[in-house]
Amino acid sequence: GFNVLHPMGWDAFGLPAENAARAQGTHPADWTYGNIDTMRTELKSMGLSIDWSREIATCHPGYYAQQQALFLDFLDAGLVYRSEAWVNWDPVDNTVLANEQVIDGRGWRSGAPVERRKLPQWFFRITAFADELLEALSTLDRWPERVRVMQENWIGRSEGARVRFAIEGRDDALEVFTTRPDTLFGASFCALSPNHPLTAELAGKDAGIAAFVAECNRMGTSEAVIEAAEKKGVDTGLRVKHPLVEGHTLPVYVANFVLMEYGTGAIFACPAHDQRDLEFARRYGLPVIPVVCPPAADAATFAIADEAWTGDGRLINSDFLDGLSVPEAKSAAIDRLEADGGGTREINVRLRDWGVSRQRYWGCPIPVVHCPTCGAVPLRPEDLPVLLPDDADFAQPGNPLAAHPTWKRTTCPSCGGDATRETDTLDTFVDSSWYFARFCSPRAEVPVERAAVDHWLPVDQYVGGIEHAILHLLYSRFFTRAMKRCGHLGLDEPFAGLFTQGMVCHATYKSADGAWLYPDEVTTRDDGSAVHAATGAAVTVGRSEAMSKSRKNVVVPSAIIDSYGADTARLFMLSDSPPERDLEWTESGVDGAWRYVNRLWRLVTEPAVELADIGAAPPEPGDAAIALRRQVHKTIQGVTGDIEGFRFNRAVARIRELTNAVAELDPATPGAGHVMREAVETLVRLANPMAPHVTEELWRRLGHKGWLVSQPWPEADPALLVDESVTVAVQVNGKLRGTLELPRDTGREDAEAEARKLPNVEAALAGKAVRKVIVVPNRIVNLVVG
RNA sequence: GCCCCUGUGGCGGAACCGGUAGACGCGGCAGACUCAAAAUCUGUUCUCCGCAAGGAGGUGGGAGUUCGAGUCUCCCCGGGGGCACCA
């Protein structure tokens with residue numbers, strides 16, 4: 001009864017296609033469209049009711065041309081810029097690598113040591129929306145809490161102050177960001193990032209500093225390296241003036257633990273209350289002055305040993321801050337700094353602007369040209385699209401677009417002179433950041449038709465894996481806001497409801513030579529050991545993990561559908577595991593679903609009781625028939641609620657319970673034929689979303705015309721949802737001693753009296769005085785004895 | 001290190017708001033049908049004591065709140081995930 005848009009599309013640009021092209025000599029487009037055809041066929045065979053008329057592929061010019069138009073709009077709106085940035089550079093493959101593609105400091109493909117390089121890159125100004133993106137998380141009440149928390153952490157807002165330290169003998173000041181202005185009186189030095197501009201300036205004149213910076217740049221950026229790295233630095237010789245203590249100066253170091261990417265790239269250090277600062281201070285013999293006294297400590301004797309105190313307490317050794325709590329002192333210190341011009345209140349975010357340049361062929365070309373006189377010039381909208389050349393050479397390393405002999409040659413839209421195209425393509429996460437909007441008008445000659453998106457968006461129910469919690473879901477939220485700013489959309493949030501489903505997992509198999517094996521290459525012997533089916537060689541069974549092509553622990557849907565049918569595959573996937581949890585794929589589980597589908601079939605085609613004709617007047621039903629009717633209607637209500645709440649495993653369990661009850665009905669019960677028809681039809685209707693094919697066939701066999709899927713969803717009769725009698729648990733001192741069948745809503749006194757009559761209860765009471773009686777109507781009677 | 005989630009039979013998992021723990025399924029065991037097997041069907045299946053009726057214990061461990069705790073609180077342990085030299 002709902003008007004539902006349920007489309008499907010392909011996020012089809014990206015590295016795998018390009019790597020396959022390099023490895024197999026196929027064109028990325030051929031490889032990609034071939035895979036799409038295979039997957040479309042498999043999805044269709046599952047019977048997923050997808051609207052294929054809206055199918056899109058992000059690698060199709062019809063899609064990425066509109067993405068280029070959006071890029072130009074964003075550029076106009078100031079949401080795109082070009083800037084130099086440090087990147088991971090693979091010197092063998094001649095490309096930038098994402099952080100995830102750098103393993104132990106080496107390129108994942110080439111194995112070459114990765115270099116840090118500064119390159120001009122295109123950025124989306126996602127930080128312009130940092131506050132909004134954080135604030136609006138609280139409005140996403142149909143999102144999982146943990147996804148909101150993850151985004152909150154990722155944005156990483158922290159409140160603090162920007163503090164200026166005037167440099168002795170110079171006109172400029174060193175600016176630092178701190179969240180602990182309360183500890184300013186405990187400052188014993190300042191430290192610069194090795195990549196700080198001032199560091200670069202000093203390194204030009206000081207070989208010692210230059211050598212230290214070079215050493216830092218050689219160090220990998222991997223977690224393991226950082227973890228093990230010691231806090232090291234070098235004194236610059238510069239001295240800065242303490243902003244709150246007249247005449248007090250602090251030394252300035254370059255330190256390896258200060259990041260250029262966060263804050264101002266420089267810090268002031270209070271070793272007593274920051275562990276890194278403490279380690280650094282101990283190494284270089286710098287003062288450690290406690291300024292926050294823990295609640296349990298004595299201010300007169302409190303001293304720092306090996307651990308910095310980062311908790312709350314009262315301020316000491318801090319002039320006008322003495323005696324204040326940490327939050328009070330933070331506020332008071334900033335007030336003083338603002339009054340003196342020594343600093344300002346500042347909020348910092350961890351979120352960085354989104355670097356979208358990739359030195360890759362198989363992605364959306366960036367619609368910009370580089371002109372020797374005009375610089376980087378965006379194309380005019382009428383110049384779009386910029387299409388990928390079909391004849392790129394994948395045999396050579398590096399970016400095939402840059403290496404193409406003619407593609408990049410063009411003229412400047414501004415001056416008309418010779419110019420070259422931008423050869424970087426967009427990060428594939430850009431492609432997936434607005435596709436949901438494109439589905440509303442998939443063939444439009446503009447990125448989105450406003451009327452269509454106003455009608456359909458936001459997405460009412462989004463479904464995706466938890467792995468998208470930060471990247472895709474944050475980028476899409478940014479894109480929606482950016483598109484709104486450019487007039488394409490009228491809303492801020494793309495996804496009103498989000499459900500994060502689990503992954504399908506399977507054990508992994510490895511042969512003795514370390515090669516991964518597909519599950520169907522492996523058989524299990526009677527003794528439980530696994531062997532290679534063809535050779536009989538021993539196989540190592542690894543732990544179950546998410547199915548992935550690289551580990552070969554995959555079972556292709558078509559194989560299951562071929563042997564069991566789509567209904568069995570669907571039913572199995574829904575049966576056991578709640579959808580947000582990972583699903584362990586086992587053959588035995590599939591067998592169980594297969595048995596159920598067959599059982600349902602037999603129940604309808606060979607019923608134990610002849611089903612009453614549709615519309616025949618029912619006789620006076622027997623008790624068993626009445627009870628089954630009640631269960632039918634409770635099942636309708638339960639399954640409906642379970643489906644709406646994404647508890648598909650519970651819904652399947654309820655359907656199976658009703659199936660069991662139907663099978664147990666005594667055929668001699670008066671009215672059995674009528675209740676059987678109602679029960680069996682209800683089963684077929686409730687099972688239809690899970691197993692559509694067999695239930696449609698059964699619907700016809702039950703004598704109906706037309707499609708079951710077009711029938712309204714069954715509705716429970718409220719009169720049949722309440723039982724006339726209820727089972728009440730009877731406890732003595734909270735321990736179960738028996739149960740009672742009582743008429744619904746039996747009074748407290750009557751319930752207690754009945755409870756006391758139970759033989760077990762009498763024995764348990766055994767003359768003891770009942771001190772207290774708790775009666776929860778229709779549920780429990782608890783007799784408390786002294 | 002910080003943050004979040006999670007822990008229930010041999011296994012996947014049920015259990016609304018604190019009220020009969022283990023629904024439903026898988027697997028196992030026993031039986032029916034069969035020459036036999038497969039398929040199917042029936043019974044049984046948390047642990048211990050007991051012929052039985054029944055009793056005792058039991059939701060990672062320990063405390064607490066409560067008439068009553070898988071569910072709430074605190075501490076600890078295990079598993080998973082996120083962030084991380086973030087100032």
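Computation of the quantities below employed the complete heavy-atom set of this structure, encompassing side-chain atoms and omitting hydrogens, waters and symmetry-equivalent molecules.
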Checklist entry - Would you say A:D723's side chain and A:S725's backbone share a donor-acceptor pair under 3.5 angstrom? => result no
Checklist entry - If we take the C1' atom in both B:rC17 and B:rA53, what is their distance in whole Å? => result 37 Å
Checklist entry - Are A:R756 and A:E752 close enough for a salt bridge, meaning some N to O gap below 4.0 Å? => result yes
Next on the checklist: Please classify B:rG55 as syn or anti, treating any glycosidic angle within 90° of 0 as syn.
Outcome noted: anti
Checklist entry - Atom CZ of A:R581 and atom P of B:rC11: how far apart are they, to the nearest Å? => result 14 Å
Next on the checklist: Measure CD1/A:I334 against P/B:rA87 and give the value in whole Å, please.
Outcome noted: 14 Å
Item to check | Nearest-Å distance once atom P is located in both B:rU6 and B:rA56 | outcome: 33 Å
Checklist entry - Does A:T746 use its side chain to pair, donor to acceptor, with the backbone of A:P743 at less than 3.5 Å? => result yes
Item to check | Residues that A:A653 engages under side chain to side chain contact (heavy atoms under 4.5 Å, CB included), provided they are two or more places apart | outcome: A:R650
Next on the checklist: Is the phosphate of B:rC86 approached by A:R276 (side-chain N or O, under 4.0 Å from OP1 or OP2)?
Outcome noted: yes
Item to check | Value in whole Å for how far the P atom of B:rC24 lies from CZ of A:F648 | outcome: 22 Å
Next on the checklist: Starting the side chain at C-beta, find the nucleotide from B:rA14, B:rC85, B:rA87 nearest to A:R650.
Outcome noted: B:rA14
Next on the checklist: Classify A:I470 by what it touches in the nucleic acid, base, sugar-phosphate, or nothing, heavy-atom distance under 4.0 Å.
Outcome noted: sugar-phosphate
Item to check | Atom-to-atom span, CE of A:M260 to C1' of B:rA87 - whole angstrom | outcome: 13 Å
List, with names and distances, any nitrogen or oxygen atoms from the protein found under 3.5 Å away from nitrogen or oxygen atoms belonging to nucleotides 49-59 of chain B.
residue	atom	partner	partner atom	Å
B:rG55	OP1	A:R737	NH1	3.3
B:rA56	OP1	A:R737	NH2	3.4
B:rA56	OP2	A:R737	NH1	3.3
B:rG57	OP2	A:K735	NZ	3.0

Checklist entry - Mind checking whether A:Y253 and A:F280 have ring centres under 6.0 Å apart? => result yes
Next on the checklist: Need one value for A:T739: base, sugar-phosphate or nothing, where a base atom within 4.0 Å counts as base even if backbone is also close, heavy atoms only.
Outcome noted: base
Next on the checklist: Please determine whether side-chain hydrogen bond (donor to acceptor under 3.5 Å, both in side chains) holds for the pair A:E159 and A:T179, giving the CA-CA distance in whole Å, both sets of side-chain angles, and the decisive distance to 0.1 Å.
Outcome noted: CA-CA 6 Å; A:E159 295 184 11; A:T179 56; over 6 Å; no
Item to check | A:R352 vs B:rC86: side-chain N/O to OP1/OP2 distance below 4.0 Å | outcome: no
Checklist entry - Quantified in whole Å, what is the C1' atom distance between nucleotide B:rA21 and nucleotide B:rA14? => result 10 Å
Item to check | Phosphate OP1/OP2 of B:rC24 contacted by A:R654 side-chain N/O (<4.0 Å) | outcome: no
Checklist entry - Below 3.5 Å, does any donor atom in the side chain of A:R157 face an acceptor in the base of B:rC86, or the other way round? => result no
Item to check | Watson-Crick or G-U wobble partner of B:rC29, both distances under 3.5 Å | outcome: B:rG43
Item to check | Check against side-chain hydrogen bond (donor to acceptor under 3.5 Å, both in side chains), A:R771 and A:N733 | outcome: CA-CA 10 Å; A:R771 207 155 45 84; A:N733 281 353; 6.0 Å; no
Next on the checklist: For A:E754, is there an ion pair with A:K757 - N to carboxylate O distance below 4.0 angstrom?
Outcome noted: yes
Checklist entry - Just checking A:V176: base, sugar-phosphate only, or nothing, at a heavy-atom cut-off of under 4.0 Å? => result nothing
Checklist entry - Using the C1' atom in both, what is the distance from B:rC72 to B:rG18, to the nearest Å? => result 8 Å
Item to check | All pairs passing salt bridge (charged side-chain N to carboxylate O under 4.0 Å, His left out) where residues 640-649 of chain A contributes a residue, at least two apart | outcome: A:D642-A:R647, A:D642-A:R654
Item to check | Worked verdict on A:T127 versus A:D353 for side-chain hydrogen bond (donor to acceptor under 3.5 Å, both in side chains) | outcome: CA-CA 6 Å; A:T127 55; A:D353 277 333; 2.7 Å; yes
Checklist entry - To the nearest angstrom, how far is A:K232 atom NZ from B:rC85 atom C1'? => result 15 Å
Checklist entry - Looking at residues at least two apart in the chain, or sitting in another chain, which of them share a salt bridge (Lys or Arg N to Asp or Glu O under 4.0 Å) with A:R581? => result none
Next on the checklist: Between B:rU73 and B:rU66, how many Å separate the two C1' atoms, rounded to a whole number?
Outcome noted: 12 Å
Item to check | Spacing of the C1' atoms in B:rG27 and B:rC11 (rounded, Å) | outcome: 7 Å
Item to check | Test of ring centre spacing under 6.0 Å for A:Y564 and A:F572 | outcome: no
Checklist entry - Do the side chain of A:T659 and the main chain of A:I655 share a donor and acceptor less than 3.5 angstrom apart? => result yes
Next on the checklist: Can you measure A:W143 atom CH2 to B:rC4 atom P for me and round it to whole angstrom units?
Outcome noted: 20 Å
Next on the checklist: Without decimals, in angstroms, what is the distance between A:F189 CZ and B:rA87 C1'?
Outcome noted: 11 Å
Item to check | 5' precedence on RNA chain B between A:T178 and A:V776 (nearest-nucleotide basis) | outcome: A:V776
Item to check | Polar side-chain atom of A:R142 near backbone of A:L140 as donor-acceptor pair, under 3.5 Å | outcome: no
Checklist entry - Quick one: do A:D277 and A:K231 make a salt bridge, cutoff under 4.0 Å? => result no
Item to check | Length of the CZ-P vector between A:R647 and B:rA14, whole Å | outcome: 10 Å
Next on the checklist: Please classify B:rC4 as syn or anti, treating any glycosidic angle within 90° of 0 as syn.
Outcome noted: anti
Checklist outcome for this item: Of the candidates B:rA87, B:rG13, B:rC24, the side chain of A:A653 sits closest to B:rC24
Checklist entry - So which nucleotide from B:rA84, B:rA14, B:rC3 ends up closest to the side chain of A:N649? => result B:rA14
Checklist entry - With rounding to whole Å, what would you report as the distance between B:rG60 and B:rG10 at their P atoms? => result 13 Å
Look for any protein N or O under 3.5 Å of an N or O in nucleotides 63-67 of chain B and output each such pair with its distance, or none.
residue	atom	partner	partner atom	Å
B:rC67	OP1	A:K772	NZ	3.4
B:rC67	O2'	A:N782	ND2	3.4
B:rC67	O2	A:N782	ND2	2.5

Between protein and nucleic acid, restricted to nucleotides 25-28 of chain B and to nitrogen or oxygen atoms under 3.5 Å apart, what atom pairs and distances do you find?
residue	atom	partner	partner atom	Å
B:rG25	OP1	A:N660	ND2	3.3
B:rC26	OP1	A:R595	NE	3.3
B:rC26	OP1	A:R595	NH2	3.1
B:rC26	O2'	A:S588	OG	3.3
B:rG27	OP2	A:R595	NH2	2.9

Checklist outcome for this item: The residue, A:S158 or A:R146, whose nearest nucleotide of RNA chain B is more 5′ is A:R146
Checklist entry - So which nucleotide does B:rG1 pair with, by the Watson-Crick or G-U wobble rule with both distances under 3.5 Å? => result B:rC83
Checklist entry - When the C1' atoms of B:rG43 and B:rU59 are considered, how many whole Å apart are they? => result 28 Å
Checklist outcome for this item: Checking B:rC4, B:rG82, B:rG13 against the side chain of A:M150 (C-beta onward), the nearest is B:rG82
